[in-house]
Chemist: 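The structure follows.
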Amino acid sequence: MYRFGQAEVDAVAELATSQRLWRHMAGSKSSQFEHAFADRIGVDHALVMTSGTAALICGLVAVGVAPGDEVLLPAYTFVATAFAVMAIGATPVLVEVDESLTIDPEDLSSKITDRSRAVIPVHINGLPCAMDAIVDICRDRHLAIVEDACQAVGGTYRGVPLGSIGDCGAFSFNYYKTISCGEGGCLTTGSAHLYERARIYHDAGCAFFSPDQAVRTEYFAGANYRMSEILSAVLMVQLGRLDGILSDLRERKRIVLHRLESVDSVRPAPVRDADGDCGVKSAFLLESTDAARDATRRINEARLCVTAECPLDTSRHVYVNWEAVLSGRSPLSSAIPGRQYAADACPRTLDHLGRTLNLIVHPDTDLRDLDRALATVRGML
Ligand SMILES: *Cc1c(COP(=O)(O)O)cnc(C)c1O
(Lines give C-alpha, C1' and ligand atoms only; values in the text may rest on other atoms or scores of the structure.)
Protein backbone atom coordinates (compact mmCIF):
# COMPACT_ATOMS: atom_id res chain seq x y z
CA MET A 1 0.00 0.00 0.00
CA TYR A 2 1.56 3.31 -1.05
CA ARG A 3 -1.15 5.94 -0.96
CA PHE A 4 -4.26 6.01 1.18
CA GLY A 5 -6.21 9.02 2.42
CA GLN A 6 -9.39 10.98 2.91
CA ALA A 7 -10.94 9.87 -0.39
CA GLU A 8 -10.98 6.27 0.85
CA VAL A 9 -12.47 7.35 4.19
CA ASP A 10 -15.19 9.31 2.39
CA ALA A 11 -16.02 6.38 0.12
CA VAL A 12 -16.48 4.05 3.10
CA ALA A 13 -18.55 6.64 5.02
CA GLU A 14 -20.84 7.17 2.04
CA LEU A 15 -21.35 3.45 1.59
CA ALA A 16 -21.98 2.83 5.30
CA THR A 17 -24.72 5.45 5.48
CA SER A 18 -26.35 4.11 2.30
CA GLN A 19 -26.60 0.67 4.00
CA ARG A 20 -26.09 -0.98 0.62
CA LEU A 21 -23.66 -3.62 1.85
CA TRP A 22 -24.57 -6.62 -0.33
CA ARG A 23 -22.38 -7.00 -3.37
CA HIS A 24 -25.16 -8.38 -5.55
CA MET A 25 -27.31 -5.24 -5.36
CA ALA A 26 -27.70 -3.45 -8.68
CA GLY A 27 -24.91 -0.91 -9.19
CA SER A 28 -22.87 -2.25 -6.26
CA LYS A 29 -19.33 -0.99 -5.62
CA SER A 30 -18.07 -4.50 -6.40
CA SER A 31 -19.63 -4.52 -9.86
CA GLN A 32 -18.48 -0.94 -10.51
CA PHE A 33 -14.95 -2.01 -9.62
CA GLU A 34 -15.19 -5.15 -11.77
CA HIS A 35 -16.19 -3.11 -14.82
CA ALA A 36 -13.44 -0.55 -14.26
CA PHE A 37 -10.80 -3.21 -13.57
CA ALA A 38 -11.78 -5.37 -16.57
CA ASP A 39 -11.42 -2.23 -18.71
CA ARG A 40 -8.00 -1.44 -17.24
CA ILE A 41 -6.72 -4.99 -17.81
CA GLY A 42 -8.39 -5.30 -21.21
CA VAL A 43 -10.52 -8.38 -20.52
CA ASP A 44 -14.26 -9.03 -20.72
CA HIS A 45 -14.63 -10.27 -17.15
CA ALA A 46 -13.28 -9.41 -13.71
CA LEU A 47 -14.42 -11.04 -10.47
CA VAL A 48 -13.43 -9.22 -7.29
CA MET A 49 -13.03 -11.41 -4.18
CA THR A 50 -11.45 -11.75 -0.76
CA SER A 51 -7.78 -12.36 -1.65
CA GLY A 52 -5.20 -13.08 -4.30
CA THR A 53 -4.96 -16.66 -3.03
CA ALA A 54 -8.73 -17.02 -3.54
CA ALA A 55 -8.34 -15.63 -7.08
CA LEU A 56 -5.64 -18.24 -7.83
CA ILE A 57 -7.82 -21.04 -6.43
CA CYS A 58 -10.85 -19.88 -8.45
CA GLY A 59 -8.71 -19.57 -11.59
CA LEU A 60 -7.41 -23.12 -11.15
CA VAL A 61 -10.94 -24.45 -10.51
CA ALA A 62 -12.22 -22.50 -13.53
CA VAL A 63 -9.71 -24.04 -15.94
CA GLY A 64 -10.57 -27.51 -14.61
CA VAL A 65 -7.59 -28.43 -12.42
CA ALA A 66 -8.66 -31.44 -10.32
CA PRO A 67 -7.15 -33.51 -7.48
CA GLY A 68 -4.07 -35.40 -8.64
CA ASP A 69 -3.28 -32.99 -11.49
CA GLU A 70 0.11 -31.30 -11.64
CA VAL A 71 0.45 -27.52 -11.81
CA LEU A 72 3.84 -26.02 -12.70
CA LEU A 73 5.02 -22.91 -10.89
CA PRO A 74 8.31 -21.12 -10.16
CA ALA A 75 10.46 -22.02 -7.14
CA TYR A 76 10.63 -18.28 -6.32
CA THR A 77 7.21 -16.77 -5.54
CA PHE A 78 5.13 -16.06 -2.46
CA VAL A 79 4.29 -19.49 -1.01
CA ALA A 80 0.54 -18.83 -1.51
CA THR A 81 0.98 -19.65 -5.21
CA ALA A 82 1.87 -23.25 -4.26
CA PHE A 83 -0.70 -23.43 -1.46
CA ALA A 84 -3.49 -22.44 -3.88
CA VAL A 85 -2.62 -25.54 -5.92
CA MET A 86 -2.53 -27.79 -2.83
CA ALA A 87 -5.80 -26.37 -1.50
CA ILE A 88 -7.68 -28.11 -4.30
CA GLY A 89 -5.72 -31.36 -4.05
CA ALA A 90 -3.44 -30.73 -7.03
CA THR A 91 0.34 -31.10 -6.91
CA PRO A 92 2.72 -28.15 -7.29
CA VAL A 93 5.69 -28.89 -9.58
CA LEU A 94 8.62 -26.57 -8.90
CA VAL A 95 10.30 -24.96 -11.90
CA GLU A 96 13.61 -23.05 -11.91
CA VAL A 97 13.68 -19.29 -12.40
CA ASP A 98 16.34 -17.71 -14.61
CA GLU A 99 18.38 -14.55 -13.97
CA SER A 100 15.28 -12.41 -14.51
CA LEU A 101 13.86 -14.22 -11.43
CA THR A 102 10.81 -15.31 -13.47
CA ILE A 103 9.98 -18.89 -14.53
CA ASP A 104 12.53 -20.41 -16.94
CA PRO A 105 10.65 -21.58 -20.09
CA GLU A 106 13.23 -24.28 -20.85
CA ASP A 107 12.99 -25.86 -17.41
CA LEU A 108 9.20 -25.52 -17.63
CA SER A 109 9.16 -27.60 -20.85
CA SER A 110 11.34 -30.28 -19.33
CA LYS A 111 9.07 -30.73 -16.29
CA ILE A 112 5.79 -31.31 -18.14
CA THR A 113 4.34 -34.83 -17.67
CA ASP A 114 1.12 -36.62 -18.64
CA ARG A 115 -0.42 -35.35 -15.40
CA SER A 116 0.38 -31.66 -16.02
CA ARG A 117 -2.74 -29.60 -16.33
CA ALA A 118 -1.82 -25.93 -15.88
CA VAL A 119 1.05 -23.47 -15.45
CA ILE A 120 1.16 -20.48 -13.10
CA PRO A 121 3.66 -17.92 -14.43
CA VAL A 122 4.30 -15.45 -11.59
CA HIS A 123 5.10 -11.83 -12.49
CA ILE A 124 7.14 -11.55 -9.33
CA ASN A 125 8.14 -8.07 -8.12
CA GLY A 126 6.11 -6.67 -11.05
CA LEU A 127 8.50 -8.28 -13.56
CA PRO A 128 6.75 -9.72 -16.63
CA CYS A 129 7.42 -13.40 -17.38
CA ALA A 130 8.51 -14.55 -20.87
CA MET A 131 4.87 -14.89 -21.91
CA ASP A 132 5.49 -15.54 -25.65
CA ALA A 133 7.54 -18.65 -24.91
CA ILE A 134 5.19 -19.78 -22.13
CA VAL A 135 2.08 -19.38 -24.31
CA ASP A 136 3.76 -21.39 -27.12
CA ILE A 137 4.71 -24.22 -24.78
CA CYS A 138 1.26 -24.34 -23.18
CA ARG A 139 -0.53 -24.30 -26.52
CA ASP A 140 1.60 -27.22 -27.79
CA ARG A 141 1.14 -29.28 -24.64
CA HIS A 142 -2.53 -28.35 -24.00
CA LEU A 143 -1.91 -26.71 -20.65
CA ALA A 144 -4.00 -23.92 -19.14
CA ILE A 145 -2.31 -20.70 -17.96
CA VAL A 146 -3.32 -18.93 -14.74
CA GLU A 147 -1.13 -15.82 -14.43
CA ASP A 148 -0.18 -14.87 -10.89
CA ALA A 149 -0.26 -11.08 -11.32
CA CYS A 150 -0.66 -10.48 -7.57
CA GLN A 151 2.41 -8.20 -7.59
CA ALA A 152 1.90 -6.84 -11.08
CA VAL A 153 -1.19 -4.66 -11.33
CA GLY A 154 -0.67 -2.26 -14.25
CA GLY A 155 2.26 -4.17 -15.78
CA THR A 156 2.43 -5.22 -19.43
CA TYR A 157 4.25 -7.69 -21.68
CA ARG A 158 4.87 -6.39 -25.24
CA GLY A 159 2.18 -3.80 -24.60
CA VAL A 160 -0.45 -6.32 -23.44
CA PRO A 161 -1.62 -6.03 -19.80
CA LEU A 162 -0.42 -8.75 -17.44
CA GLY A 163 -3.35 -10.84 -16.28
CA SER A 164 -4.94 -10.76 -19.75
CA ILE A 165 -2.53 -13.07 -21.60
CA GLY A 166 -3.26 -16.45 -20.00
CA ASP A 167 -6.66 -18.11 -19.57
CA CYS A 168 -7.04 -16.27 -16.25
CA GLY A 169 -5.14 -13.70 -14.21
CA ALA A 170 -5.07 -13.39 -10.41
CA PHE A 171 -4.46 -10.09 -8.59
CA SER A 172 -4.02 -9.26 -4.90
CA PHE A 173 -4.88 -6.07 -3.05
CA ASN A 174 -3.47 -7.03 0.33
CA TYR A 175 -1.58 -4.51 2.43
CA TYR A 176 1.75 -5.01 0.60
CA LYS A 177 0.51 -4.61 -2.98
CA THR A 178 0.64 -1.60 -5.30
CA ILE A 179 -3.01 -0.71 -4.68
CA SER A 180 -4.71 -2.08 -1.60
CA CYS A 181 -7.87 -2.29 0.44
CA GLY A 182 -6.14 -4.15 3.28
CA GLU A 183 -7.21 -7.56 1.95
CA GLY A 184 -8.69 -8.35 -1.45
CA GLY A 185 -8.18 -9.98 -4.82
CA CYS A 186 -9.53 -10.16 -8.35
CA LEU A 187 -9.70 -12.77 -11.10
CA THR A 188 -9.62 -11.64 -14.75
CA THR A 189 -10.51 -13.68 -17.82
CA GLY A 190 -11.58 -13.25 -21.42
CA SER A 191 -13.77 -16.35 -21.29
CA ALA A 192 -17.44 -16.22 -20.26
CA HIS A 193 -17.32 -19.93 -19.38
CA LEU A 194 -14.28 -19.60 -17.08
CA TYR A 195 -15.85 -16.52 -15.52
CA GLU A 196 -19.04 -18.44 -14.75
CA ARG A 197 -17.13 -21.35 -13.23
CA ALA A 198 -15.06 -19.02 -11.06
CA ARG A 199 -18.13 -17.05 -10.08
CA ILE A 200 -20.07 -20.16 -9.03
CA TYR A 201 -17.10 -21.52 -7.04
CA HIS A 202 -16.33 -18.23 -5.26
CA ASP A 203 -19.95 -17.67 -4.28
CA ALA A 204 -20.84 -20.68 -2.13
CA GLY A 205 -21.75 -22.68 -5.22
CA CYS A 206 -24.84 -20.52 -5.71
CA ALA A 207 -23.70 -17.61 -7.81
CA PHE A 208 -26.27 -14.91 -7.33
CA PHE A 209 -26.30 -13.94 -10.99
CA SER A 210 -28.54 -11.05 -11.86
CA PRO A 211 -31.66 -11.99 -13.87
CA ASP A 212 -30.23 -10.47 -17.06
CA GLN A 213 -27.16 -12.71 -16.90
CA ALA A 214 -28.06 -16.08 -18.36
CA VAL A 215 -25.85 -18.82 -16.89
CA ARG A 216 -24.83 -21.60 -19.26
CA THR A 217 -22.57 -23.38 -16.79
CA GLU A 218 -23.83 -26.17 -14.54
CA TYR A 219 -23.69 -25.30 -10.82
CA PHE A 220 -21.26 -27.21 -8.60
CA ALA A 221 -20.13 -27.06 -4.96
CA GLY A 222 -18.05 -24.06 -4.00
CA ALA A 223 -16.45 -22.04 -1.24
CA ASN A 224 -17.23 -18.49 -0.17
CA TYR A 225 -14.75 -15.84 -1.26
CA ARG A 226 -17.42 -13.18 -1.88
CA MET A 227 -16.16 -9.60 -1.64
CA SER A 228 -17.19 -7.01 0.93
CA GLU A 229 -18.77 -3.85 -0.47
CA ILE A 230 -16.77 -1.79 2.03
CA LEU A 231 -13.52 -3.05 0.54
CA SER A 232 -14.75 -2.58 -3.02
CA ALA A 233 -15.58 1.06 -2.20
CA VAL A 234 -11.94 1.50 -1.15
CA LEU A 235 -10.70 -0.30 -4.27
CA MET A 236 -12.62 2.09 -6.55
CA VAL A 237 -10.63 4.98 -5.06
CA GLN A 238 -7.36 3.05 -5.13
CA LEU A 239 -7.76 2.19 -8.82
CA GLY A 240 -7.87 5.90 -9.56
CA ARG A 241 -4.47 6.26 -7.87
CA LEU A 242 -2.81 3.44 -9.84
CA ASP A 243 -1.40 5.37 -12.80
CA GLY A 244 0.09 8.07 -10.55
CA ILE A 245 1.76 5.45 -8.33
CA LEU A 246 3.14 3.60 -11.36
CA SER A 247 4.58 6.67 -13.06
CA ASP A 248 6.30 7.80 -9.83
CA LEU A 249 7.67 4.29 -9.24
CA ARG A 250 8.96 4.03 -12.81
CA GLU A 251 10.58 7.46 -12.73
CA ARG A 252 12.52 6.53 -9.59
CA LYS A 253 13.44 3.12 -10.92
CA ARG A 254 14.89 4.66 -14.09
CA ILE A 255 17.06 6.90 -11.92
CA VAL A 256 18.30 3.92 -9.85
CA LEU A 257 19.23 1.96 -12.99
CA HIS A 258 20.81 4.96 -14.67
CA ARG A 259 22.96 5.89 -11.66
CA LEU A 260 24.21 2.34 -11.02
CA GLU A 261 24.55 0.79 -14.47
CA SER A 262 28.15 1.96 -14.85
CA VAL A 263 29.32 0.38 -11.57
CA ASP A 264 31.77 -2.41 -12.47
CA SER A 265 30.93 -4.82 -9.66
CA VAL A 266 27.21 -5.06 -10.53
CA ARG A 267 25.14 -5.58 -13.67
CA PRO A 268 21.42 -4.88 -14.06
CA ALA A 269 19.47 -8.18 -14.04
CA PRO A 270 17.87 -9.03 -17.39
CA VAL A 271 14.19 -8.05 -17.64
CA ARG A 272 11.80 -9.82 -20.06
CA ASP A 273 10.14 -6.54 -20.99
CA ALA A 274 11.56 -3.48 -19.25
CA ASP A 275 8.77 -1.21 -20.59
CA GLY A 276 6.12 -3.37 -18.93
CA ASP A 277 7.83 -3.67 -15.55
CA CYS A 278 5.60 -2.23 -12.82
CA GLY A 279 7.54 -3.19 -9.71
CA VAL A 280 9.19 -1.31 -6.92
CA LYS A 281 12.47 -3.26 -6.93
CA SER A 282 15.50 -2.71 -9.17
CA ALA A 283 17.52 -5.93 -9.48
CA PHE A 284 21.30 -6.13 -9.95
CA LEU A 285 23.48 -9.21 -10.27
CA LEU A 286 26.68 -9.46 -8.22
CA GLU A 287 29.65 -11.83 -8.29
CA SER A 288 28.58 -14.02 -5.38
CA THR A 289 26.02 -14.52 -2.63
CA ASP A 290 28.52 -13.16 -0.11
CA ALA A 291 28.87 -9.96 -2.14
CA ALA A 292 25.07 -9.55 -2.45
CA ARG A 293 24.51 -10.16 1.28
CA ASP A 294 27.34 -7.84 2.24
CA ALA A 295 26.02 -5.02 0.02
CA THR A 296 22.51 -5.54 1.42
CA ARG A 297 23.72 -5.29 5.00
CA ARG A 298 25.79 -2.16 4.40
CA ILE A 299 23.06 -0.33 2.48
CA ASN A 300 20.45 -1.09 5.15
CA GLU A 301 22.79 -0.10 7.98
CA ALA A 302 23.24 3.31 6.34
CA ARG A 303 19.47 3.96 6.79
CA LEU A 304 18.94 5.59 3.40
CA CYS A 305 15.68 6.22 1.53
CA VAL A 306 16.80 3.26 -0.63
CA THR A 307 16.59 -0.15 1.06
CA ALA A 308 18.15 -3.40 -0.08
CA GLU A 309 17.36 -7.10 -0.02
CA CYS A 310 19.01 -10.27 -1.23
CA PRO A 311 16.02 -12.33 -2.48
CA LEU A 312 17.61 -15.57 -1.21
CA ASP A 313 16.89 -14.23 2.29
CA THR A 314 13.20 -13.36 1.75
CA SER A 315 11.86 -16.37 3.70
CA ARG A 316 8.46 -17.40 2.36
CA HIS A 317 9.31 -16.45 -1.24
CA VAL A 318 12.05 -19.07 -1.58
CA TYR A 319 10.99 -22.72 -2.02
CA VAL A 320 13.54 -24.09 0.48
CA ASN A 321 11.46 -22.45 3.23
CA TRP A 322 8.17 -23.96 2.07
CA GLU A 323 8.18 -26.94 4.49
CA ALA A 324 4.55 -27.90 3.80
CA VAL A 325 5.18 -27.88 0.04
CA LEU A 326 8.47 -29.80 0.29
CA SER A 327 6.84 -32.50 2.38
CA GLY A 328 3.51 -32.47 0.51
CA ARG A 329 1.43 -31.65 3.61
CA SER A 330 -2.07 -30.33 2.84
CA PRO A 331 -5.61 -30.76 4.23
CA LEU A 332 -6.10 -33.43 1.57
CA SER A 333 -2.87 -35.39 2.22
CA SER A 334 -4.60 -38.48 3.58
CA ALA A 335 -6.53 -38.86 0.31
CA ILE A 336 -3.96 -37.44 -2.12
CA PRO A 337 -0.37 -37.62 -0.84
CA GLY A 338 1.66 -34.68 -2.16
CA ARG A 339 5.00 -34.85 -3.91
CA GLN A 340 8.15 -34.66 -1.77
CA TYR A 341 11.02 -32.37 -2.68
CA ALA A 342 14.64 -32.16 -1.56
CA ALA A 343 15.92 -28.71 -0.58
CA ASP A 344 18.28 -28.78 -3.60
CA ALA A 345 15.47 -29.44 -6.11
CA CYS A 346 16.09 -26.13 -7.92
CA PRO A 347 19.81 -25.27 -7.57
CA ARG A 348 19.90 -22.64 -10.32
CA THR A 349 17.09 -20.72 -8.61
CA LEU A 350 19.13 -20.59 -5.39
CA ASP A 351 22.20 -19.43 -7.32
CA HIS A 352 20.35 -16.58 -9.10
CA LEU A 353 18.53 -15.48 -5.93
CA GLY A 354 21.78 -15.47 -3.97
CA ARG A 355 23.62 -13.25 -6.45
CA THR A 356 20.81 -10.71 -6.78
CA LEU A 357 20.66 -7.39 -4.97
CA ASN A 358 17.23 -5.72 -5.03
CA LEU A 359 17.09 -1.99 -4.38
CA ILE A 360 13.71 -0.72 -3.21
CA VAL A 361 12.49 2.88 -3.52
CA HIS A 362 9.10 4.20 -2.39
CA PRO A 363 7.19 6.14 -5.10
CA ASP A 364 6.96 9.20 -2.81
CA THR A 365 10.72 9.42 -2.23
CA ASP A 366 12.04 12.94 -2.80
CA LEU A 367 14.24 12.99 -5.94
CA ARG A 368 17.09 14.92 -4.31
CA ASP A 369 17.14 12.49 -1.37
CA LEU A 370 17.21 9.66 -3.88
CA ASP A 371 20.21 11.17 -5.69
CA ARG A 372 22.15 11.56 -2.46
CA ALA A 373 21.29 8.02 -1.34
CA LEU A 374 22.38 6.56 -4.68
CA ALA A 375 25.73 8.34 -4.46
CA THR A 376 26.25 6.60 -1.10
CA VAL A 377 25.12 3.24 -2.53
CA ARG A 378 27.58 3.60 -5.46
CA GLY A 379 30.39 3.99 -2.98
CA MET A 380 29.37 0.75 -1.26
CA LEU A 381 29.28 -1.47 -4.36
C1 LIG B 1 0.40 -11.52 -2.38
C2 LIG B 1 0.63 -12.66 -3.27
C3 LIG B 1 -0.27 -13.73 -3.35
C4 LIG B 1 -1.43 -13.89 -2.41
O5 LIG B 1 -2.24 -12.79 -2.28
P6 LIG B 1 -3.18 -12.64 -0.96
O7 LIG B 1 -4.08 -11.52 -1.34
O8 LIG B 1 -2.28 -12.31 0.18
O9 LIG B 1 -3.90 -13.92 -0.78
C10 LIG B 1 -0.04 -14.72 -4.28
N11 LIG B 1 1.02 -14.68 -5.10
C12 LIG B 1 1.93 -13.68 -5.05
C13 LIG B 1 3.08 -13.68 -5.99
C14 LIG B 1 1.77 -12.65 -4.12
O15 LIG B 1 2.69 -11.69 -4.06
Side-chain angles (χ1 to χ4, degrees), residues 1-2 30 33 37 46-61 65 71-88 90 92 94-95 97 100-103 118-129 131 134 145-155 157 162-163 165-166 168-188 198 201-202 223-228 231-232 234-235 238-239 245 249 272 277-281 283 309 311 314-319 321-322 324-325 349 353 358 360:
M1 183 177 78
Y2 291 115
S30 297
F33 176 77
F37 197 68
L47 184 63
V48 69
M49 59 182 89
T50 50
S51 71
T53 307
L56 285 167
I57 291 172
C58 291
L60 293 168
V61 168
V65 172
V71 178
L72 300 109
L73 54 96
Y76 172 57
T77 174
F78 183 53
V79 64
T81 313
F83 285 165
V85 172
M86 294 168 79
I88 55 171
L94 304 184
V95 179
V97 298
S100 74
L101 301 191
T102 62
I103 195 164
V119 177
I120 309 182
V122 181
H123 308 299
I124 193 80
N125 303 333
L127 298 164
C129 296
M131 290 310 292
I134 295 166
I145 301 177
V146 178
E147 293 178 70
D148 182 337
C150 284
Q151 300 187 7
V153 60
Y157 178 77
L162 301 179
I165 302 168
C168 297
F171 293 86
S172 168
F173 309 117
N174 85 17
Y175 177 77
Y176 293 104
K177 311 301 183 191
T178 314
I179 57 172
S180 175
C181 56
E183 297 286 358
C186 195
L187 183 80
T188 50
Y201 189 74
H202 107 294
N224 179 3
Y225 302 129
R226 209 163 45 232
M227 188 53 158
S228 148
L231 298 179
S232 288
V234 172
L235 280 182
Q238 285 278 300
L239 190 57
I245 293 172
L249 273 178
R272 295 299 192 166
D277 171 5
C278 63
V280 60
K281 297 175 183 176
E309 71 174 23
T314 52
S315 68
R316 275 177 286 185
H317 293 82
V318 187
Y319 79 95
N321 302 316
W322 302 347
V325 177
T349 295
L353 293 175
N358 274 332
I360 305 162

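Indexing begins at 1, ligand by ligand and atom by atom, following the structure's order.
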Chemist: Check the pair M227 / L235 against side-chain contact (heavy atoms from CB on, under 4.5 Å), numbers first and verdict last.
Modeler: CA-CA 11 Å; M227 188 53 158; L235 280 182; 3.9 Å; yes
Chemist: What about V122: any of its N or O atoms under 3.5 Å from an N or O on ligand 1?
Modeler: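 No, there is no polar N/O contact under 3.5 Å.
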Chemist: Atom 8 (O) of ligand 1: which protein heavy atom is closest, and how many Å away?
Modeler: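 Looking at atom 8 (O) of ligand 1, the protein heavy atom closest to it is N174 ND2, 2.9 Å.
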Chemist: Counting heavy atoms only, which of A82, A54, G52 comes nearest to atom 6 (P) of ligand 1?
Modeler: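 Looking at heavy atoms only, the winner is G52.
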Chemist: Looking only at heavy atoms of K177, does any of them come nearer than 4.0 Å to an atom of ligand 1?
Modeler: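 Within the 4.0 Å threshold, so yes.
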Chemist: Give the atoms of ligand 1, by number and element, whose distance to some non-hydrogen atom of S51 is under 4.0 Å.
Modeler: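 Near S51, meaning under 4.0 Å from one of its heavy atoms, ligand 1 has 7 (O), 9 (O).
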Chemist: Could you say whether the N/O atoms of D148 and ligand 1 ever approach to under 3.5 Å?
Modeler: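 Yes - when backbone and side-chain N and O of D148 are compared with those of ligand 1, one distance drops under 3.5 Å.
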Chemist: Parallel, tilted or perpendicular, judged at 30° and 60°: which one describes the rings of F37 and F171?
Modeler: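 F37 vs F171 ring planes: perpendicular.
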Chemist: Measure up the Y319 and W322 rings against each other and bin them: parallel (under 30°), tilted (30 to 60°), perpendicular (over 60°).
Modeler: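 Ring orientation, 0 to 90° scale: perpendicular.
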Chemist: F33 vs F173 aromatic rings, parallel, tilted or perpendicular, using cut-offs 30° and 60°?
Modeler: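 Ring orientation of F33 relative to F173: perpendicular.
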Chemist: Mind telling me whether Y201 and Y225 have parallel, tilted or perpendicular rings, with 30° and 60° as the class edges?
Modeler: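 Geometry flag for Y201 against Y225: tilted rings.
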Chemist: What atoms of ligand 1 come closer than 4.0 angstrom to any heavy atom of T77?
Modeler: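 Numbered from 1, ligand 1 contributes 13 (C).
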Chemist: Which protein non-hydrogen atom lies closest to atom 10 (C) of ligand 1, naming both residue and atom, and how far is it?
Modeler: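 Its nearest protein heavy-atom neighbour is C150 SG, 3.5 Å.
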Chemist: Starting at CD1 of I120, measure out to CG of L72 and round the result to the nearest 0.5 Å.
Modeler: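 It is 9.0 Å, given to the nearest 0.5 Å.
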Chemist: So S100 and L127, do their side chains get closer than 4.5 Å, heavy atoms only?
Modeler: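 The answer is no, as the side chains (C-beta and beyond) never meet within the 4.5 Å cut-off.
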Chemist: For the atom pair CD1 (I134) and CD1 (I165), what is the distance rounded to the nearest 0.5 Å?
Modeler: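 The distance works out to 9.0 Å.
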Chemist: Can you name the atoms of ligand 1, numbered from 1 with element, that are less than 4.0 Å from a heavy atom of T81?
Modeler: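 Atoms satisfying the 4.0 Å criterion: 11 (N).
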Chemist: Looking only at distances, please establish whether an N/O atom of ligand 1 is found under 3.5 Å from an N/O atom of Q151.
Modeler: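 Yes; the residue has a nitrogen or oxygen that sits under 3.5 Å from a nitrogen or oxygen of the ligand.
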Chemist: For atom 9 (O) of ligand 1, grab the closest protein heavy atom and report residue, atom and distance to one decimal in Å.
Modeler: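 It is T53 OG1, 2.6 Å.
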